[in-house]
Novice: 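Here's a structure for you.
Just so we're clear, the structure is a prediction, and the values are computed from it rather than from any experiment. Residue numbers start from 1 in every chain, and the chains themselves are labelled A, B, ... in the order their sequence lines are given, proteins ahead of strands.
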Amino acid sequence: MADPMRIRVAERDGVVNVKVLMSHEMETGQRKDGSGKIVPAHFISKVTATHQGKTVLSANWGPAVAKNPFLEFNFKGGKKGDKIAVTWEDNKGETRTDETTIN
Amino acid sequence: MMDMQRRDVLKKGGGVSLLTLVVAAGWLSPGEALAQAAAWNKAAFDTKTMEETMKALGGSMPAQSKDITFVQTPDIAENGAVVPIGIESKLPGTESITLLIEKNPQPLAASFNIPAGTEPNVSTRVKIGESSDVYALVKADGKFYMAKKEIKITLGGCGG
């Protein structure tokens with residue numbers, strides 16, 4: 001299981017700012033290891049963020065997203081105590097979901 | 001031919017919003033929805049040149065728009081392995097924001113779907129192999145618009 005994400009949310013006048021830091025190698029498939037063999041691509045390909053179960057952002061990523069990916073966005077209509085969940089899935093089918101509440 | 005592809009993209013777009021509704025109605029958990037949103041466009045992510053990428057995304061390079069801006073994005077990045085990029089669209093009805101890096105081995109870097117209620121403003125960090133033009137492609141009200149910015153890299157992000 002991959003390491004947990006760090007999710008930080010801040011609400012102001014109904015607008016919620018969400019910052020996510022994921023823990024992932026984001027291997028491009030371009031790099032070679034010490035013996036000259038190509039390191040196979042391993043990267044997060046799909047990300048979904050939900051607010052109270054409703055999708056507020058979904059993304060498809062390629063291997064160009066930097067190692068330990070960072071994502072920031074804002075959505076309207078959140079209030080304190082609401083639940084924010086972020087799920088990612090990588091190209092090997094591994095997935096991880098983390099949750100937090102707006103405070 | 002081009003029109004046909006465009007139509008396909010539109011259809012897919014429609015599918016996604018329906019899916020969002022289904023999730024909102026509580027029929028699917030986010031995890032299941034994620035699996036269904038499998039529209040990870042492999043053809044587009046695998047393309048090697050901007051032209052091919054645009055084709056795979058269903059069109060040709062659209063006109064530049066002043067309503068799309070790069071925020072907190074450097075002109076010169078010392079380390080190509082971690083380049084912060086923020087894209088903001090002021091176009092009404094923005095549905096998606098796609099980031100392309102022209103000189104990367106695969107130009108398509110990331111694509112974000114913006115449901116209603118989410119601000120058309122996303123930030124992330126990417127790898128950029130060498131100094132390159134970076135394109136922000138925005139789909140708003142069913143039409144594509146773009147903005148571009150040159151980012152100079154002093155140390156590449158794709159080397160061994």
Side-chain angles (χ1 to χ4, degrees), chain A residues 14-22 26-34 36 38-39 41 43-78 83 85-89 91 93 95-97 99, chain B residues 16-17 19-21 23-26 28-31 33-35 37-42 44-46 72 79-86 96-101 104-129 157-160:
Chain A
V15 176
V16 182
N17 172 267
V18 183
K19 289 187 182 123
V20 190
L21 197 57
M22 304 165 208
M26 298 302 285
E27 194 60 64
T28 58
Q30 310 276 343
R31 217 166 55 89
K32 289 179 179 142
D33 66 13
I38 285 184
V39 183
F43 57 94
I44 294 176
S45 54
K46 288 180 229 165
V47 181
T48 307
T50 61
H51 162 240
Q52 298 288 83
K54 174 179 172 283
T55 302
V56 283
L57 187 81
S58 63
N60 286 336
W61 286 355
V65 173
K67 180 177 174 174
N68 297 332
F70 168 79
L71 171 66
E72 180 179 3
F73 66 97
N74 298 282
F75 71 91
K76 293 190 194 84
K83 197 183 275 182
V86 180
T87 302
W88 59 249
E89 185 186 329
N91 65 325
T95 169
R96 175 160 189 108
T97 301
E99 287 182 353
Chain B
V16 169
S17 49
L19 190 62
T20 317
L21 284 175
V23 176
L28 285 173
S29 75
L34 192 66
W40 195 77
N41 194 339
K42 188 171 190 307
F45 274 103
D46 278 349
Q72 292 176 358
N79 183 356
V82 190
V83 183
I85 295 201
S96 72
I97 297 177
T98 302
L99 172 64
L100 300 127
I101 302 159
N104 268 12
Q106 294 137 344
L108 182 54
S111 172
F112 300 89
N113 289 317
I114 315 287
T118 298
E119 295 184 353
N121 176 356
V122 290
S123 302
T124 187
R125 294 176 191 151
V126 294
K127 290 175 271 214
I128 302 182
C158 291

Novice: Work out which heavy atom in Trp61(A) is nearest to a heavy atom in Ser111(B); give both atom names and the distance.
Specialist: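 Reported closest heavy-atom pair: CD1-N, 4.5 Å.
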Novice: Based on non-hydrogen pairs under 4.5 Å, which of Ser45(A), Ala66(A), Pro69(A) is most in contact with chain B?
Specialist: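 If we count pairs closer than 4.5 Å to chain B, Ala66(A) comes out on top.
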Novice: Just how far is it from atom CG of Asn60(A) to atom CG of Asn113(B), taken to the nearest 0.5 Å?
Specialist: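 CG of Asn113(B) is found 7.0 Å from CG of Asn60(A).
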Novice: Is there side-chain contact between Ile114(B) and Leu57(A), with at least one heavy-atom pair below 4.5 Å?
Specialist: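 Ile114(B) reaches Leu57(A) side chain to side chain.
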Novice: Between Leu21(A) and chain B, which part of the residue has a heavy atom less than 4.5 Å away: side chain, backbone, both or neither?
Specialist: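 It is the side chain, since no backbone atom gets that close.
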Novice: Any side-chain to backbone donor/acceptor pair from Lys127(B) onto Met26(A)? Under 3.5 Å, distance only.
Specialist: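 Answer holds: yes.
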Novice: Where does Val18(A) contact chain B at under 4.5 Å (heavy atoms): side chain, backbone, both or neither?
Specialist: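 Nothing of Val18(A), per the 4.5 Å heavy-atom cut-off to chain B.
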Novice: With chain A as the partner, which of Ser96(B), Gly117(B), Ala110(B), Ser123(B) has the greatest number of non-hydrogen pairs under 4.5 Å?
Specialist: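 When all of Ser96(B), Gly117(B), Ala110(B), Ser123(B) are compared, Ser123(B) has the most.
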Novice: Does the side chain of Asn17(A) reach to within under 4.5 Å of the side chain of Glu119(B), using non-hydrogen atoms?
Specialist: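 SC-SC contact between Asn17(A) and Glu119(B) ruled out.
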Novice: Restricting to salt bridge (Lys or Arg N to Asp or Glu O under 4.0 Å), what partner residues turn up for Lys42(B), sequence neighbours left out?
Specialist: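 Lys42(B): salt bridge (Lys or Arg N to Asp or Glu O under 4.0 Å) contacts with Asp46(B).
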Novice: For residues Ala59(A) and Phe112(B), report the shortest heavy-atom separation together with the two atoms involved.
Specialist: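 Result for this residue pair: CB-CD2, 3.4 Å.
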Novice: Ignoring hydrogens and angles, tell me if any N or O in the side chain of Thr118(B) forms a donor-acceptor pair with the backbone of Val56(A) under 3.5 Å.
Specialist: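 Checking the backbone N and O of Val56(A) against the side chain of Thr118(B), a donor-acceptor pair under 3.5 Å is found.
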Novice: Which region of Ala44(B), side chain (C-beta onward) or backbone (N, CA, C, O), has a non-hydrogen atom less than 4.5 Å from a non-hydrogen atom of chain A, or is it both or neither?
Specialist: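 Contact with chain A: none, neither part.
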Novice: What is the ring orientation for Phe43(A) with Trp40(B), classed by angle as parallel under 30°, tilted 30 to 60°, or perpendicular over 60°?
Specialist: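 Aromatic pair Phe43(A)/Trp40(B) classed tilted.
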